[in-house]
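Read through the structure below, which is laid out as structure tokens, and then see the notes.
Numbering starts at 1 and runs along the sequence shown.
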Amino acid sequence: MKIGVLGAGQLGRMLALGGYPLNHQFGFSANTKDAPAASLGRVFLAKKKIDNIQALSNFADVITFESENTDAEMVAQISKNVAVYPSKKSLFITQHRGREKALFDKLNIPCAPYQMINSLQDLKAGIESIGLPAILKTATEGYDGKGQFLIKTTNQINQAWQNMNGVASILEKFVDFKRELSLIAVRSIDNDHKYYPLVENKHYEGILRLTIAPAQAVDAKMQKTAEHYMQILLDKMGHVGVLTLEMFETSEGLLINEMAPRVHNSGHWSIEGANTSQFENHVRAITGMPLGDTKLRQPYCAMINIIGEIGTTDKVLNMANAHLHLYAKAARKNRKLGHINITAQSKLELERSIKKLECFLPKSFF
Ligand code: AMP
């Protein structure tokens, strides 16, 4: 089939790399000719957005997107002529933290106490009821910790609100979590579900740096609980494709932080680490193919993000159990330029391999 992707970043690039072996073709709406995915399919330059989206729709048998910040109205328009998966419903909910949290509440999925904030008065009242510390986040468009302000004391309230530039925001109680986990799952057009194992994610300055798959010390109950939350969300939204749930493990159990209607950075390990990668499974789901097995190929796996500069990659290329993925992006501070997947037969081998690649990770991780 011909798959049209709204966006042409590294996620689109890896979707194409996952989909070509299944004999699919790809087209991308891109802002520039040298976008990460541009060399992997037809490029519809988004200068005259409407014309190019129309051209992409004419090209594609099915359309998907690589970001929740995709215009939901545009997706609704496109859906009149060509199937779009995930649908506008999933996109509309997941692109707004308030709508997302309201759905969690409705489905009894636990998350941190929160209040929607539209003014300084709201913020003061929110802090009164939620308490401090708390995090103020923009309701839309935030990623990698951008658009967030950690409020520790009441004399930071004015500064926090100024920081939001008057946009609709959400105030969340600061969660004293043990660690951050995520669950990736995929749902097919005919309602089959597959779940990857829970993975552990380590962030530095708001950016994901290391994923360990599977997360250690996860019992069957915790995996089942996370899968239960995932299943009701997938079904409620009628989601088709990959859905990611980011969560906190606390002493009282799991609290869901947010969800993403797409393949996710914390699932990149699955390219070499799982029997079917998240990218191939997303492509399978949106093209009506049977979903692939999500088990690990080896007992242990890790993913290290390459951030800001690529550095010396020979070390990676010389390791039998390491796999380098570069995204064809120019180096820039805090930019995701690629990642390294490590596979291992034992925990010790995994730890030693991560240590060998410590130059790609923050010093504080060791
Ligand atoms: P988010 O954009 O919501 O994924 O937040 C980025 C990062 O900020 C998360 O991965 C957490 O490390 C941290 N964070 C977000 N919300 C909270 C919270 N309510 N309590 C504690 N830490 C948080």
Side-chain angles (χ1 to χ4, degrees), residues 1-92 94 184 186-192 194 237-244 260-264 267-268 270-271 276-292 325 327-329:
M1 283 173 89
K2 292 194 177 101
I3 300 173
V5 183
L6 298 169
Q10 66 262 24
L11 299 182
R13 179 182 173 92
M14 289 185 274
L15 280 173
L17 291 170
Y20 275 119
L22 301 176
N23 203 21
H24 296 301
Q25 295 169 45
F26 287 81
F28 303 93
S29 73
N31 292 326
T32 60
K33 281 203 300 284
D34 53 2
S39 56
L40 285 163
R42 287 267 303 266
V43 178
F44 299 87
L45 275 176
K47 264 188 212 127
K48 278 191 281 166
K49 205 166 173 182
I50 297 296
D51 293 353
N52 288 300
I53 296 301
Q54 186 57 50
L56 183 75
S57 309
N58 294 342
F59 159 85
D61 300 308
V62 60
I63 286 198
T64 190
F65 47 84
E66 57 161 20
S67 165
E68 54 277 28
N69 297 327
T70 304
D71 181 345
E73 259 330 294
M74 179 180 76
V75 163
Q77 284 301 320
I78 297 173
S79 308
K80 290 180 184 160
N81 303 314
V82 51
V84 182
Y85 297 121
S87 71
K88 184 201 161 193
K89 185 172 181 182
S90 289
L91 178 63
F92 184 70
T94 56
I184 292 180
V186 57
R187 182 175 179 271
S188 68
I189 292 170
D190 48 10
N191 198 25
D192 188 17
K194 296 263 186 207
M237 297 193 295
H239 190 87
V240 171
V242 164
L243 182 70
T244 303
R262 57 172 169 82
V263 287
H264 192 261
H268 291 0
S270 64
I271 298 175
T276 315
S277 78
Q278 62 165 350
F279 301 101
E280 179 176 337
N281 255 336
H282 184 77
V283 167
R284 288 188 187 209
I286 65 170
T287 56
M289 298 175 92
L291 301 179
H325 297 262
Y327 307 152
K329 284 162 86 172

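Applying the ring pair (Phe, Tyr, Trp, His ring centres under 6.0 Å) test to H268 and every residue at least two apart in sequence or in another chain returns F279, H339.
Pairing each heavy atom of T70 with each of V75, the nearest pair is CG2-CG2, 3.9 Å. Of all the heavy atoms in I184 and T244, the pair that sits closest is CG1-OG1, 3.7 Å. A pairwise comparison of heavy atoms in I3 and T287 identifies CD1-CG2, 3.7 Å as the closest pair. Taking all atoms of both residues into account, the shortest heavy-atom contact from F59 to F44 is CB-CZ, 3.6 Å.
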Distance-only criterion, 3.5 Å: show the donor-acceptor pairs between side-chain atoms of residues 6-22 and protein atoms not counting sequence neighbours.
{"residue": "Q10", "atom": "OE1", "partner": "K329", "partner atom": "NZ", "Å": "2.9"}
{"residue": "R13", "atom": "NE", "partner": "L326", "partner atom": "O", "Å": "3.3"}
{"residue": "R13", "atom": "NH1", "partner": "P36", "partner atom": "O", "Å": "2.8"}
{"residue": "R13", "atom": "NH2", "partner": "L326", "partner atom": "O", "Å": "3.3"}
{"residue": "Y20", "atom": "OH", "partner": "L40", "partner atom": "O", "Å": "2.4"}

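Two residues are said to be in side-chain contact when any heavy atoms from C-beta on lie closer than 4.5 Å; E66 and R262 fail this criterion. Proximity of H239 to K89: side-chain heavy atoms (C-beta onward) are nowhere separated by under 4.5 Å. Residues T64 and P86 form a side-chain contact, since some pair of their non-hydrogen atoms from C-beta on lies under 4.5 Å apart. Side-chain contact between Q278 and V186: absent, with no pair of heavy atoms (C-beta onward) separated by less than 4.5 Å.
When the shell of 6.0 Å around CG of N23 is examined, it contains 12 or fewer heavy atoms from other residues, nucleotides or ligands.
A side-chain donor-acceptor contact under 3.5 Å links H24 to the backbone of M1. Under a 3.5 Å cut-off, the side chain of S29 and the backbone N or O of I53 do not form any donor-acceptor pair. Side-chain atoms of N281 never come within 3.5 Å of backbone atoms of L291 as a donor-acceptor pair (strictly under, hydrogens ignored).
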